[in-house]
Amino acid sequence: MVSKRLTEIPASGTIAISNLVSQMKAEGIDIVSFSMGEPDFTTPANVIDACCDSLREGFTHYTPSTGIPELRKAVADQTRNVNGVPCQASNVLITPCKQAIFLTALAYIDPGDEVLLPDPCWVSYEACIRLAGGVPVYVPTFFEDGFVIDPAKIEAAITPRTKMLILNTPSNPTGCVIPSDILKQIAGICMEHGIKVLSDEIYESIVYEGRHTSIASFPGMFDNTIIVSGLSKSHAMTGWRLGWAVAPEDDIKAINKLQSHSISCAVSFVQKASVEAICGRQDAKDDMVKEFRRRRDLALDLISEIPQLECNVPNGAFYLVPRYSMDVPSAKLAETLLTDAHVAVTPGSAFGPGGEGFFRISYAASEEQIREGISRIKNCLSQF
Ligand code: GLU
């Protein structure tokens, strides 16, 4: 018998579709997959070389649970120099990004605590909150506003039980990059009410217009923030499972307690390779961002020719969330697209109640796949 806690949460919507796509592909079905949010590029060669070197040098044992000192320093230097967050190596815990979110939820949420999160948002925040015994409270964001969260709506959702706010900029699934002035207002609200912010910045380097701002860069706000980020998206390293939390030292100690009882430490040789990913040449990463931007524009052009769809121009990440005009639940639509048109997308409902009426396309796919997949979507929707 599995626990009650587990029966109350669904499996990850993104991972479930990705598993199904793998199975269908293995059966020989020609699927165009826009489902999984992962770069289709190979990890840069210098990072792979650094990993192989460290393996050959025998760097195959446990590391300190917080991570190797040179990687903690590299992450701190980058977070301070690029994002203006006043942090040092002692403020960094190396752990897979998803693990950082899960551990943060476990470390801070008591049963009944309320956690604010934008709606729509990434599929696993709600599950992490619920597994910790917390209560997710969605703050709606709207297509018409480019899905930028309204600070007044955050303030209106605060109750005496509110413990934490989860922010994700650039956002999965909307691609919204929250402007700096809005983040500043949110920082003020959170400091006033003593609400901790879990700031998921995993798409921080994939910004096309404007720039990424970390909420922890505003004066006094780092004391109130746990940043999570990593290399999965920026360096096409999804399979390496390497990320981090950056937070005040007491928070790092608390989260590290859970790390020491769970995975012990991040993979040793991956940590070595990650120093190279952060400190070595960045040309492959920069090229990827340029290519994502080209694909975004291509996908938007193709979608604009589909009468049933309308779409914002997102400024970051590699997702589009078109709104459709047909009267059909998004789960049903995604199922029809997969079974009839052999295109995998993620239904909007996987991202919260506000995702209904939308579906998510991950355009981290080749130009050929984008053209073919959107053409299949067009044909399929014309039959509704
Ligand atoms: N974050 C990616 C996505 O949304 C990968 C899968 C997952 O972690 O949910 O597709």
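Indexing begins at 1, ligand by ligand and atom by atom, following the structure's order. Quantities reported herein were computed from a predicted structural model and do not represent experimental measurements.
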Counting each atom of ligand 1 from 1 as listed, which ones have a heavy atom of K98 under 4.0 Å away?
7 (C), 8 (O), 9 (O)
Looking at K163 and Y108, would you say the former's side chain and the latter's main chain have a donor-acceptor pair under 3.5 Å?
yes
Per-residue contact class, E38 against ligand 1 - non-hydrogen pairs under 4.0 Å:
neither
Side chain, backbone, both or neither: F318 near ligand 1, heavy atoms under 4.0 Å:
neither
shortest atom 9 (O) of ligand 1-to-protein heavy-atom contact is with T14 OG1, 2.6 Å
Check the angle between the aromatic planes of F292 and F318 and answer parallel, tilted or perpendicular using the 30° and 60° thresholds.
tilted
Atoms of ligand 1, numbered as shown, that sit under 4.0 Å from any heavy atom of K233:
1 (N), 2 (C), 5 (C)
Classify the side-chain pair S90/E249 by whether it contains a donor and acceptor separated by less than 3.5 Å.
yes
Looking at S268, is its backbone amide N or carbonyl O close enough to the side chain of T63 to form a donor-acceptor pair, meaning the two atoms are under 3.5 Å apart?
no
Please indicate whether any nitrogen or oxygen in G37 is less than 3.5 Å from any nitrogen or oxygen in ligand 1.
yes
Compare all side-chain heavy atoms of V92 with those of T79 and state whether any distance is below 4.5 angstrom.
no
Does the N91 side chain pair with the main chain of I252, one donor and one acceptor, at a distance under 3.5 Å?
no
Considering both backbone and side-chain atoms of W122, is one of its nitrogen or oxygen atoms within less than 3.5 Å of a nitrogen or oxygen in ligand 1?
yes
Considering the heavy atoms of Y319, write down every atom of ligand 1 situated less than 4.0 Å from one of them.
2 (C), 3 (C), 4 (O)
Does ligand 1 have a heavy atom under 4.0 Å from the side chain of N172, from its backbone, from both, or from neither?
side chain
Would you mind running through ligand 1 and noting each atom that sits below 4.0 Å from a heavy atom of R360?
3 (C), 4 (O), 10 (O)
Any chance you could lay out the side-chain contact (heavy atoms from CB on, under 4.5 Å) test for D113 and M164, step after step, and finish with the verdict?
CA-CA 8 Å; D113 283 348; M164 184 178 274; over 6 Å; no
